Engineer: 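Please see the structure below; I have some questions.
In what follows, every heavy atom counts, from backbone to side chain, and hydrogens, waters and symmetry copies are set aside. In this text, all values refer to a predicted model and were calculated from it rather than measured experimentally. Lettering follows sequence order; numbering is per chain, from 1.
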Amino acid sequence: MIHMKEVYKKYPNGVVAVNGISVDINQGEFVYVVGPSGAGKSTFIKLMYREEVPTSGEVIINGINTAQLKRKEVPLFRRHLGVVFQDFKLLPKLTVYENVAFAMEVIEEQPKKIRKRVLEVLELVGLKHKLRMFPNELSGGEQQRVSIARSIVNMPKVVIADEPTGNLDPETSWEIMRIFEQINALGTTVVMATHNREIVNKIRKRVIAIEGGMIVRDVDGGDYGYEI
Amino acid sequence: MIHMKEVYKKYPNGVVAVNGISVDINQGEFVYVVGPSGAGKSTFIKLMYREEVPTSGEVIINGINTAQLKRKEVPLFRRHLGVVFQDFKLLPKLTVYENVAFAMEVIEEQPKKIRKRVLEVLELVGLKHKLRMFPNELSGGEQQRVSIARSIVNMPKVVIADEPTGNLDPETSWEIMRIFEQINALGTTVVMATHNREIVNKIRKRVIAIEGGMIVRDVDGGDYGYEI
Amino acid sequence: MKYRTLQRHFRESLKSLSRNGWMSVASISAVTVTLLLVGIFALVMMNLNHFADNIENDVEIRVLIDIINEPEKMKAAEDKLIKQVKSLPEVAEVKYSSKEEELKILIENYGEDFSLYEQSNPLRNVLYVKAKDPQQTAELAKKIDKLDNTYDVIYGEEKVKNLFSFLNTGRNIGLVLILGLLFTAIFLIYNTIRITITARRDEIEIMKLVGATSSFVRTPFLFEGLWLGLFGSIIPIFVVSIVYHYVYNHLTPRIKGEMLQLLDVTPLVFQVNFILLALGIFIGVWGSFMSVRKFLRVY
Amino acid sequence: MKYRTLQRHFRESLKSLSRNGWMSVASISAVTVTLLLVGIFALVMMNLNHFADNIENDVEIRVLIDIINEPEKMKAAEDKLIKQVKSLPEVAEVKYSSKEEELKILIENYGEDFSLYEQSNPLRNVLYVKAKDPQQTAELAKKIDKLDNTYDVIYGEEKVKNLFSFLNTGRNIGLVLILGLLFTAIFLIYNTIRITITARRDEIEIMKLVGATSSFVRTPFLFEGLWLGLFGSIIPIFVVSIVYHYVYNHLTPRIKGEMLQLLDVTPLVFQVNFILLALGIFIGVWGSFMSVRKFLRVY
Ligand SMILES: Nc1ncnc2c1ncn2[C@@H]1O[C@H](COP(=O)(O)OP(=O)(O)OP(=O)(O)O)[C@@H](O)[C@H]1O
Ligand SMILES: Nc1ncnc2c1ncn2[C@@H]1O[C@H](COP(=O)(O)OP(=O)(O)OP(=O)(O)O)[C@@H](O)[C@H]1O
Ligand SMILES: [Mg+2]
Ligand SMILES: [Mg+2]
């Protein structure tokens with residue numbers, strides 16, 4: 001499903017954010033990516049949905065080598081992934097409803113289906129009553145939930161989430177985790193970068209710990225680590 | 001120090017984000033603001049640094065009624081506050097160093113002093129080695145730390161922080177908390193909206209819980225509440 | 001692309017136009033102002049060119065006719081000459097002026113003194129000849145000179161040469177100016193569209209991150225460009241029509257009978273308006289295309 | 001504001017100019033293109049106006065002098081007339097042309113036939129008079145007519161009136177066009193600056209949130225506007241200078257002795273360049289000021 005081999009990523013300014021990572025994640029797995037701030041978690045995740053291309057090494061997602069994708073093929077590749085971005089990346093000129101619907105319009109879904117499904121996922125993340133509002137009229141946590149709704153609206157094979165609970169209170173966080181567990185139970189692979197010790201320690205899954213761009217720990221059913 | 005009386009805030013779209021809040025915070029206090037996503041924490045905090053003006057009621061900070069400030073006086077008023085924004089609000093075209101220095105240039109500090117002090121606070125938040133980088137070259141946590149550095153660089157009388165640890169790993173979070181405790185020990189008032197149960201429960205301070213725009217709990221040395 | 005997707009893009013483009021508020025207004029008004037400039041300039045240049053044509057067309061050859069003492073023979077000779085001149089391929093117009101008419105003109109120019117010549121007129125009958133292409137005047141004059149019964153052929157050689165050289169230079173400068181203005185207009189509109197689209201580069205980036213193909217991102221922008229061009233050319237079209245109508249109606253009676261005439265309203269205004277509309281839409285769509293392309297390429 | 005703060009703003013403005021990369025380039029090139037237009041248009045209009053002046057100045061009054069049979073008396077009468085005419089306040093220039101010279105001109109225009117009049121010349125001596133302000137020609141002609149020893153005063157009344165009406169209309173159109181162009185130029189540059197600054201409204205908002213006063217936020221933008229105007233007027237200044245130099249050198253020999261003369265390079269090009277520079281800087285600074293103001297006003 002997700003296969004990385006000796007991946008390095010050096011940014012133009014010289015920072016080596018990913019420094020030789022090899023990892024395999026299978027269909028249906030649930031993986032936490034943990035590590036200190038600036039460790040390279042987001043970069044690791046950006047490599048998966050091909051926002052970044054590795055400087056060397058190979059990243060193979062669903063059997064596709066992201067570095068070899070032609071520019072035209074990238075959007076089609078991304079449609080099989082659902083991504084929650086650390087900075088939400090909502091379209092500021094579109095309403096909550098339109099932001100989520102956009103991901104379905106892109107694959108030219110039928111308008112009727114779009115309407116039904118969007119309302120469904122907005123209900124799921126608890127934002128059905130705010131569907132006419134624009135992102136800058138939402139609280140941080142609400143924006144995050146819109147981003148989450150958008151990531152799952154197309155029922156992708158893989159959901160990649162970068163700190164999906166960073167702006168959420170514990171209760172909402174648990175609700176979101178329940179959603180992720182549900183879609184994972186249906187066979188969707190979930191990869192999730194997080195700082196949330198509570199969640200990682202309670203819902204035990206595979207934990208990949210990154211420090212300085214390298215995997216320092218990879219344990220099935222592991223804990224968050226990093227005790228103080 | 002901070003005095004709010006029957007404050008209401010209704011946004012143009014009709015959402016009532018703060019629904020009758022009265023509260024007093026004294027010089028030197030340390031206050032957590034907790035509550036679910038969308039409860040009105042950020043709005044409550046925006047009222048303090050006058051990004052928003054109350055629809056009714058009065059907000060008095062340092063003896064100044066924010067609603068009565070003339071437009072020209074707002075910047076001068078803000079200089080006595082240090083603010084950490086939930087979405088960082090860094091200047092994208094300025095480097096890390098310049099972003100922090102900007103808050104000191106604004107008060108026309110001597111260049112020599114600026115240099116010394118900026119390096120000092122960047123050291124404090126652990127970003128001295130990244131001072132030449134631009135915000136979009138930083139990880140989420142690093143951007144948050146720049147925002148924190150900027151908020152304390154002028155040694156304000158009040159620091160207002162909206163989820164300062166939202167994008168940070170627990171370890172870095174504790175370091176930031178230690179910084180806040182330090183400046184609080186020196187007499188600075190700290191008001192901090194947070195979702196971090198661990199911190200609130202460990203470093204016991206006054207806790208104000210907001211739900212649906214109203215204060216539902218206000219306990220000195222309280223816990224986070226909201227158990228699952 | 002499915003039909004309903006096209007519909008969606010169409011709807012989106014209108015929504016986006018209104019949600020981008022005054023940025024759209026800024027672009028539209030850039031189009032408006034630039035096209036207004038192009039329109040008025042085109043009217044002026046086309047009329048100036050028309051004036052130049054008029055001036056050129058005013059260049060005449062004066063053919064003095066030999067005097068033959070027998071009136072019948074004279075008449076025959078003159079008729080033959082006129083026929084010959086008319087048959088020359090370069091000739092556009094031939095006008096006969098008797099020596100009596102010539103004398104009247106002379107008296108007008110030189111005073112009543114010449115009245116005494118009304119009894120014994122020393123002047124000759126004259127043919128006024130115009131060339132089809134005024135620039136052929138010199139050539140034509142030579143040809144006529146060779147015909148029988150011409151006494152002298154006069155056309156102000158030096159003056160005509162200078163006039164033509166001057167008018168040609170003027171026309172070239174005009175052409176350069178109008179091309180320059182067109183280029184400028186295209187650049188300015190493109191520039192404005194590009195800046196507004198750049199301000200929205202984040203949007204484009206996000207769309208692509210969510211799996212939108214380039215054409216999916218691009219099409220609403222192209223429609224938007226179309227609206228910019230369309231809405232931007234409305235005012236110029238009205239202004240050009242009304243102003244030229246007004247100027248024409250105001251000036252024509254004043255310069256009636258003069259050498260310099262304004263071009264008629266009907267085909268001119270339609271031509272210019274068509275150019276404005278086409279230009280507006282073309283630059284709007286093309287400018288959007290080029291601007292979006294830049295950001296679609298990234299990643 | 002402290003001096004070092006001003007220095008800081010100065011530095012910031014240059015930094016910002018380069019960090020905003022091609023947005024700055026876009027603004028500068030909008031200034032460049034627009035000023036280029038203004039510059040070339042100004043050159044053309046000023047020369048056309050000069051042409052119009054030349055044409056007007058070419059309007060002459062022909063004064064036919066009475067014939068007195070005694071040459072001495074005639075001479076005295078003519079001298080007196082010339083003196084009288086010269087003393088009229090409206091008169092700019094008086095030229096004397098003997099009847100022999102007049103005959104030469106006549107022969108040139110009407111053919112060799114008139115050679116036979118060389119023996120007994122029926123023409124009169126003539127004074128060619130020009131008015132200081134050509135528009136006073138009619139009035140002046142009347143005055144001269146009343147003097148002694150004038151036989152007739154001719155100046156093509158109808159034609160002159162039409163010519164002046166035409167040239168005045170032309171000049172008014174030109175004035176409207178140049179004002180329109182100036183207005184357009186100001187609008188287009190302002191528009192461009194405004195869009196680029198709007199794209200940076202978040203920056204302004206953040207600065208204010210961090211405690212910057214309006215003037216602290218504004219000043220670097222004003223400096224930036226200054227640079228935009230300054231850098232944007234460099235190319236137009238060079239182009240205007242070089243092109244006009246070239247056109248002048250190229251055309252002047254060809255139209256030597258003609259009625260229509262180009263304006264001299266030296267004062268004209270400096271004047272136009274000064275206008276371009278002043279305009280560029282003014283719009284740059286003013287445009288920035290107005291654009292930033294909008295966002296400073298918010299809260
Ligand atoms: N600018 C705005 N315009 C309109 N409505 C707004 C605006 N900002 C916030 N709101 C609404 O006001 C309510 C409170 O928002 P606020 O940002 O204060 O919540 P919060 O407690 O900070 O939540 P979070 O923990 O998710 O950051 C929300 O329902 C939000 O949708
Ligand atoms: N676009 C970029 N250009 C240059 N350097 C970058 C860029 N993005 C990230 N970096 C650098 O790469 C390193 C890893 O960043 P990354 O965002 O992957 O960290 P992270 O583990 O997600 O941290 P956080 O938990 O704070 O989000 C950081 O040191 C950061 O400064
Ligand atoms: Mg990250
Ligand atoms: Mg908030």
Engineer: Distance under 6.0 Å and angle within 45° of the ring axis: does A:K46 meet both against A:F44?
Structural biologist: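 A:K46 over A:F44 ring: no.
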
Engineer: Side chain from CB out, backbone as N, CA, C, O: work out which of these in A:L81 comes under 4.5 Å of a heavy atom of chain C, or both, or neither.
Structural biologist: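 No part of A:L81 comes within 4.5 Å of chain C.
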
Engineer: Apply side chain to side chain contact (heavy atoms under 4.5 Å, CB included) to residues C:D53 and C:R171 and explain how you reach the verdict.
Structural biologist: CA-CA 10 Å; C:D53 286 349; C:R171 261 193 280 249; 2.8 Å; yes

Engineer: With chain C as the partner, which of A:K89, A:K93, A:H80, A:R79 has the greatest number of non-hydrogen pairs under 4.5 Å?
Structural biologist: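 It is A:K93.
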
Engineer: Take the angle between the ring planes of C:Y248 and C:Y244 and call it parallel below 30°, perpendicular above 60°, tilted in between.
Structural biologist: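 Judged by the thresholds at 30° and 60°, the geometry between C:Y248 and C:Y244 is tilted.
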
Engineer: At a heavy-atom separation under 4.5 Å, does A:F77 approach chain C through its side chain, its backbone, both, or neither?
Structural biologist: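 No part of it gets close to chain C.
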
Engineer: Test salt bridge (Lys or Arg N to Asp or Glu O under 4.0 Å) on A:E175 and A:R145 and set out the steps.
Structural biologist: CA-CA 11 Å; A:E175 273 163 32; A:R145 283 183 274 161; 6.0 Å; no

Engineer: Which residue out of C:N20, C:D202, C:L209 racks up the most heavy-atom pairs below 4.5 Å with chain A?
Structural biologist: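 Answer, by heavy-atom pair count under 4.5 Å with chain A: C:L209.
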
Engineer: Under a 4.5 Å heavy-atom cut-off, does chain C meet the side chain of A:E73, its backbone, both or neither?
Structural biologist: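 Contact with chain C: none, neither part.
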
Engineer: With a 4.5 angstrom heavy-atom cut-off, is it the side chain or the backbone of C:R8 that approaches chain A, or both, or neither?
Structural biologist: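 Looking at C:R8, just its side chain touches chain A.
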
Engineer: So, do A:Y97 and A:F102 have ring centers that fall under 6.0 Å from each other?
Structural biologist: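 No - the distance between ring centres of A:Y97 and A:F102 does not fall below the 6.0 Å cut-off.
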
